[in-house]
Amino acid sequence: MARTYKIQVLPGDGIGIETVAEAVKVLKVAEEETRGLNLTFHEFSCGGKHFLETGEEWSAEAKAFSQNEADAILLGAVGWEREPGEPIRRSDGQIAGADVVLGTRSELDLYANVRPVKLYSGVPTPLADLVPSDVDFVIVRENTEGLYVPIRGTLKRGRDAESGVDVRVITRRGAGRVSRFAFKLAKKRKHGAPTDGQKRVTCVDKSNVLDGCRLFRKVFREVANDFPRIDTDFAYVDAWTMWCLRRPSYYDVVVTSNMFGDIISDLGAAIQGGMGVAAGANIGDGHAMFEPIHGSAPRHAGKQRANPIAAILAGKMLLEWLGDKHKDRRCHRAAEKIEFAVKAVLSAGLTRTYDLCVGPFAKVEPSTTGMVGSAITELIRAQ
Ligand code: IPM
Ligand code: MG
């Protein structure tokens, strides 16, 4: 009997609303075109605007659904502003909507934030001489501890000696499970690093200075012993940014702590053509949440300008995860259809949002968010 997967849809704020609408449109068509696949969509309002209107970031019902009902969660972006540069904040100073993204990551224990960096044909990259076959690696960002643990505060508020303190916690358990996740991912990936076909996991840290990073690296080494066929590699985070720009083809899987992962995954996004195409997955042992890496971009909101491809690829990752978890080939088939259609639309070059109308595509008339989604659904139907 085919089971039905419940997808919780949390569009959130700003362009999240437009891009997630296209992702849902694409998922629905992929479902229709895949025999035996049943998805139901359960949408809830959340984020900064919702907080302004209701005083809460999301309803108790929405939160309970994420914890008890959803087979997978698709999140757009959270964060809204009163006026440019003035984000709506909770009383503790965090942006309104943080509970949806950061709260869910920690409460559902989604400890691996998986951010693929893959250059598709037809996507302009800012790095000269780079071709799509050079860039295909994945950043695995530890997602539940590091500088994101809520141990922080302000001392001597308002005085000259005022200080802000954020404590970074790295544990053996946290470093161990994310390292193991990275090695298992490297084992599963088919091609290894583009440069030499070698399966490789690179540990990115700052262990020349920080104790937490020394623990992270030590535990990484212990885990590596269980994966003798996989090449292990080490880099300090500052040097890694340089090496990655010089030779992205050397990287296969990169594992790092929370804050470093946040920063280097934006670098990865830029290399693969920008935030408009960068998707991510927050994965735990039981739950998972998928999101485009882009924010809510209030400036662009409601204009049908934003690129929906990141959200659509997040939908593809959602299906892959469901397929792995439930050993369900149908989910994988639907994911393949989506990626095939995305690749075809990108390489054809004609239907693209403004962010990709650069370089050799500077003369292309920008399409709307909806037009890109529709071009992708048409190609899924035509397969
Ligand atoms: C990301 C974002 C979030 C983070 C923000 C919105 C809290 O930058 O997903 O990379 O810092 O993790
Ligand atoms: Mg970020």
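Start at 1 and go down the list; that is how both ligands and their atoms are numbered.
- Under the rule for a side chain to side chain contact (heavy atoms under 4.5 Å, CB included), the partners of Gln67 that lie at least two apart in sequence or sit in another chain are Lys63, Glu107, Leu108.
- For the residue pair Glu142 and Asn113, no side-chain donor N or O sits within less than 3.5 Å of a side-chain acceptor on the partner.
- The closest side-chain heavy-atom distance from Phe234 to Phe220 is below 4.5 Å.
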Could you tell me, for ligand 1, which of its N or O atoms are under 3.5 Å from any protein N or O, listing the pairs and their distances rounded to 0.1 Å?
| from | atom 1 | to | atom 2 | distance (Å) |
| --- | --- | --- | --- | --- |
| ligand 1 | 8 (O) | Asp262 | OD1 | 3.2 |
| ligand 1 | 9 (O) | Arg105 | NH2 | 2.7 |
| ligand 1 | 9 (O) | Arg115 | NH2 | 2.8 |
| ligand 1 | 10 (O) | Arg115 | NH1 | 3.0 |
| ligand 1 | 10 (O) | Arg115 | NH2 | 3.1 |
| ligand 1 | 10 (O) | Arg141 | NH1 | 3.3 |
| ligand 1 | 10 (O) | Asp262 | OD1 | 2.8 |
| ligand 1 | 11 (O) | Tyr148 | OH | 2.6 |
| ligand 1 | 12 (O) | Arg105 | NH1 | 2.7 |
| ligand 1 | 12 (O) | Arg141 | NH1 | 3.2 |
| ligand 1 | 12 (O) | Arg141 | NH2 | 2.9 |

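- A cation-pi contact links Lys28 to Phe41, judged by a cut-off of 6.0 Å to the six-membered ring centre and 45° from its axis.
- Distance check for Asp266 against the Mg ion (ligand 2): none of its N/O/S atoms falls below 2.8 Å.
- Taking Ile, Leu, Val, Met, Phe, Trp and Tyr as members and joining any whose side-chain heavy atoms lie under 4.5 Å apart, directly or through other members, the hydrophobic cluster of Val165 also contains Val149, Ile151, Leu155, Val167, Val169.
- A donor-acceptor contact closer than 3.5 angstrom links the side chains of His332 and Asp324.
- Scored by the side chain to side chain donor-acceptor pair (under 3.5 Å) test, Asp71 finds Arg3 as partners (sequence neighbours excluded).
- Nearest N/O/S atom of Asp262 with respect to the Mg ion (ligand 2) is recorded as OD1.
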